[in-house]
Amino acid sequence: MFSVLMPNSTEQKAGKTDWKKVRLDFPILEQQVHGHPLVYLDNAATSQKPKPVLDALLHYYECDNSNVHRGIHELSNRATAAYEGARKRAARFINAGNAHEIVFTRGTTEGINLVAQAWGTAHLKAGDKILLTEMEHHSNIVPWQLLAARTGAKLSYVPVTGDEGLLDLSRIDTLLSDGVKIFSMTHISNTLGTINPVAELCAKARSMGVVTLVDAAQSAGHLPVDVQEIGCDFLAFSGHKICGPTGIGVLYGREDILNDTPPYQGGGEMISSVDFFKTSWNVIPHKFEAGTPNIADAIGLHAAMDYLDTIGRETIFQHDGQLASHALRRLSEIEGIRLFGPPPGSPRGGLVSFLLPEVHAHDVITIADQYGVALRGGHHCNQPLMRKLGIQSTSRASFYFYNTIEEVDRMIDVLRKIQEFFTRGI
Ligand SMILES: Cc1ncc(COP(=O)(O)O)c(C=O)c1O
């Protein structure tokens, strides 16, 4: 049987953290929206940014702004040290063996596209297979479809069981053995909250000679992520979902596999020498970072990773889990509600997805917004999964460590009002 690696914390640290104090680091949360205190429950789309991250960005632009790797002047040296320092920090954040296994990207989407375009084009041919799961975000489907169209490779999918949103792994050996070259899977589903047994899946894939990619967009900032423990070949995440700035992300690639991957884009920085007709490449990771990189946001991301690890991702995981369990319990009291994702007691990330009877998700979101409650409704970039479940959309509340039980209760009160309005017109 497959099992999920969960943070092993014996202490209940979430109960000891002063969450009220933590929340003060997020000035954006202290505002009224449509005359109500903001309740921000759209963290799976993007997280809010604490003051230390905002300060790091300001400090960089006020004191150190310069281009990296090229100057021999003081500001350029400082900017280079800070940018490369962020790379070392990212390696530590996911326990990569080497900083040169960290490629800065714009986010998860670009990381997956880089692998599909650069590694995929070089290593796949007609008839090869790309294995995904039915719960993938479009970012982990479309780049592979483009690769399939270029190379003649075929896609196949690990099925999802149904509303409870688990992977049906009963045929995993067959699915993996059938000419599969890469298995790309999400760690935590952004719609279902399912936490997949990625370490065991990567081990199985590796034993069958299949390369693995883990989409850690929903996990990297929510629980400890250790690429050596997971045993993946590639892993991608986005800075903006883990309290960092937008436009910066991380692609981890194992050293040998990155060395065996051709460049993604051409330009400055990624070369070792250029002739009129021929170019040789820089070493990894610079080979994959053409042009002036996103220096400031890498530095902001460094501050975000420091910030999260000061609280502790085990602690964050416990706290988010408590909010999700409370939300599930309260939601299940609403008659006729349809809940998606693993049942209470099963491993689950800090989000809940649901359909209120007789009310379209877009109506839920629009009315909730009038009460200051920010939710998300729609297909969540999971259209194939929605079709499989026979729905078009869900409403989703996604939590982070600055959210509170009181906010979850506010959401439930608002949902009950919406429900009454649609069923009884009051
Ligand atoms: C599971 C998952 N993968 C990939 C992405 C894409 O992330 P980004 O838009 O930051 O590249 C998201 C965004 O919501 C996601 O939830």
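Remember, predicted model here, so these are calculated numbers, not experimental data. All ligand and atom numbering here is 1-based and tracks the order in the structure.
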(request) Write out the residue and atom name of the closest protein heavy atom to atom 4 (C) of ligand 1, then the distance separating them to 0.1 Å. (result) Asp215 OD2, 3.4 Å

(request) Give the residue and atom name of whichever protein heavy atom lies nearest to atom 15 (C) of ligand 1, and the separation in Å to one decimal. (result) His137 CD2, 3.3 Å

(request) Find all atoms of ligand 1 within a distance of less than 4.0 Å from any non-hydrogen atom belonging to Thr108, and give their numbers and elements. (result) 4 (C), 7 (O), 11 (O)

(message) If you count every heavy atom of other residues, nucleotides or ligands that lies below 6.0 Å from Arg376 atom CZ, does the total exceed 12?
(response) no

(request) Step through it carefully: locate the ring centre of Phe399, locate the ring centre of Tyr40, and say whether they are under 6.0 Å apart. (result) no

(request) Identify the protein heavy atom lying closest to atom 16 (O) of ligand 1, giving its residue, its atom name and the separation to 0.1 Å. (result) Gln218 NE2, 2.7 Å

(request) Of the side chain and backbone of Thr186, name the one, both, or neither that has a heavy atom under 4.0 Å from an atom of ligand 1. (result) side chain

(message) Please list, in number order, the atoms of ligand 1 under 4.0 Å from a heavy atom of Ser238.
(response) 7 (O), 8 (P), 10 (O), 11 (O)

(request) Could you check which of His240, Lys241, Arg376 puts a non-hydrogen atom nearest to atom 14 (O) of ligand 1? (result) Lys241

(request) Tell me, with the steps shown, if Asp413 and Lys417 meet salt bridge (charged side-chain N to carboxylate O under 4.0 Å, His left out). (result) CA-CA 6 Å; Asp413 290 347; Lys417 282 198 177 86; over 6 Å; no

(message) Assess, by modelled atom type and distance only, whether the side chains of His240 and Thr246 contain a donor and an acceptor separated by less than 3.5 Å.
(response) no

(message) At under 4.0 Å between heavy atoms, is it the side chain or the backbone of Thr109 that contacts ligand 1, or both, or neither?
(response) both

(request) Please confirm whether His36 and His34 have ring centers closer than 6.0 angstrom. (result) no

(message) Tell me if a side-chain donor or acceptor on Glu289 pairs with a main-chain N or O of Phe104 at a distance below 3.5 Å.
(response) yes

